[in-house]
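A short worksheet on the structure shown next.
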Number of protein chains: 2
Amino acid sequence: MGSVKLGVSAGKLTNADADRLRRDLDSYMLKRGLRSTEQRRLIIDTFFDVGEHITIDSLLKQVRSVDSRVGYATVYRTMKLLTESGVVQEHKFGDGFTRYELSDEEHHHDHLICLDCGKITEFEEPLIEELQDRVANRYGFHVRQHKHELYGTCAECQKRNARKKKA
Amino acid sequence: MGSVKLGVSAGKLTNADADRLRRDLDSYMLKRGLRSTEQRRLIIDTFFDVGEHITIDSLLKQVRSVDSRVGYATVYRTMKLLTESGVVQEHKFGDGFTRYELSDEEHHHDHLICLDCGKITEFEEPLIEELQDRVANRYGFHVRQHKHELYGTCAECQKRNARKKKA
DNA sequence: ATTATTGCAAATATTTTGCAATAAC
DNA sequence: GTTATTGCAAAATATTTGCAATAAT
């Protein structure tokens, strides 16, 4: 809502990466004869601005602060479109809300999810990916996508909890 | 349904492990004054028999083949009880159904999920767990649980698909 | 002019819950 | 006898869909 908008960042991606994704999306839409509507542009722009792990609800709120008439089915449909185009990835971290983030093919990352405050942190660990491939090979399994999520308590919440205990 | 029942196995766990889990459950229920009803016994016995990655639907079907009057809310409530006691673990593999399996504290395992046939295979890889702990340490993150799932195509489905392509 | 898209409301699908009846302690 | 548990139906939750109106091509 009253949040500070930078209008520059798209999460941890560089502007060049974000631009590439936008071009990917354009060509995807062109190929299928999909149309560029006011709503889609607004939703997509808002998402690229806010990025990182946003929920439909939160995205809709931001979108409606600009155009209050946008329906939530449109947001769902637009995010589905983005997902199908490969430009964004869906995540379900178990709180019941689907979250979306821009794809980053170069640097695949996974997630730490704090069960206390909900904060989501990204991590990269190529060695894990390597071992994972080796495991898949053992079973002759062809990996198309994967999910590696650590659930627990983030550093800040641990500190906060320790303080609370003392008091 | 007409499936072969061994009446022995509880997935990959040994009988000793399964027995320990049952004792854990008993003491958990005793401590909280929870009651052993006919329905609960039936549901729990059926689950211990069938085990591994079963869904509520499938479990209810098996239970109803013995006692057709059991309601599905009872199955949900019983599985929630088992989960809260720590005896079973819930998994959501993304097909919309929650699956349950007996906890195995000794040998933690993760999953390969075939997107073609739905087969779920377990794997163990202590080195990944180790690296994972190291990652968590980097962030001062305290891991309480984790999820490592590889989605793709299993060996059999790859073969089957190759055959189909030829034909 | 054709047809993709929108917004609404209704439908889905899984899980949860309120409540009166029942059964375990 | 007290209170946890059951089964049913209704509610809750997130997402999807049918459809008439609208807008992009």
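Chain naming here is simple, since letters A, B, ... match the order of the sequence lines and numbering starts at 1 in each. Only heavy atoms go into these numbers, but all of them, side chains included; no hydrogens, no water, no symmetry mates.
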Next item on the list: Using only heavy-atom distances, decide whether a donor-acceptor pair under 3.5 angstrom links the side-chain of A:Arg77 to the base of C:dT5.
Entry: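 In this structure, the two groups form no donor-acceptor pair.
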
Exercise for the section: Using only heavy-atom distances, decide whether a donor-acceptor pair under 3.5 angstrom links the side-chain of B:Arg35 to the base of D:dT3. Expected result: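 Yes, a donor-acceptor pair under 3.5 Å.
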
Does [X] have a side-chain nitrogen or oxygen under 4.0 Å from the phosphate oxygens OP1 or OP2 of [N]?
X	N	answer
A:Thr98	D:dT15	yes
B:Lys80	C:dT15	no
A:Tyr76	D:dT16	no
A:Thr37	C:dA4	no
A:Gln39	D:dT22	no

For atom [atom1] of [X] and atom [atom2] of [N], their distance in whole Å:
X	N	atom1	atom2	value
B:Arg99	C:dT14	CZ	P	11 Å
A:Glu84	D:dT15	CD	P	15 Å
B:Arg32	D:dT5	CZ	P	12 Å
B:Leu34	D:dT6	CG	P	10 Å
A:Leu60	C:dG7	CG	P	10 Å
A:Leu42	C:dG7	CG	C1'	15 Å
A:Met79	C:dT6	CE	P	14 Å
B:Arg40	C:dA23	CZ	P	15 Å

Practice task
Choose from D:dT15, D:dA9, C:dC25 the nucleotide whose nearest atom is closest to any side-chain atom of A:Tyr72.
Solution key: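 Looking only at side-chain atoms, A:Tyr72 lies closest to D:dT15.
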
Check your understanding: Are B:His146 and B:His108 an aromatic pair by the rule of ring centers under 6.0 Å?
Key ->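 Yes; B:His108 has its ring centre under 6.0 Å from that of B:His146.
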
| request: Compute the ring centroids of A:His107 and A:His109, then answer whether they are less than 6.0 Å apart. | output: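 A:His107 vs A:His109: aromatic centres not under 6.0 Å.
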
Query raised in the report: Does A:Ala73 or B:Val70 map to a spot on DNA chain D nearer the 5' end, using the closest nucleotide for each?
Result: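 Closest to the 5' end, via its nearest nucleotide, is B:Val70.
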
More 5' along DNA chain C: B:Glu90 or A:Glu38, using each one's nearest nucleotide?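 Taking each residue's closest nucleotide, the earlier one in sequence belongs to A:Glu38.
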
*Considering only NZ, NE, NH1 and NH2 on the basic side and carboxylate oxygens on the acidic side, decide whether B:Glu84 and B:Arg32 come within less than 4.0 Å.*
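Answer for the salt bridge query: no.
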
Shortest non-hydrogen contact from B:Phe93 toward B:His53 =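 Scanning both residues, the minimum pair turns out to be CE1-CD2, 4.4 Å.
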
- prompt: Is there a side-chain contact (heavy atoms from CB on, under 4.5 Å) between B:Gln132 and A:Leu150 once you walk through the steps?
  reply: CA-CA 8 Å; B:Gln132 180 183 280; A:Leu150 312 187; 3.4 Å; yes

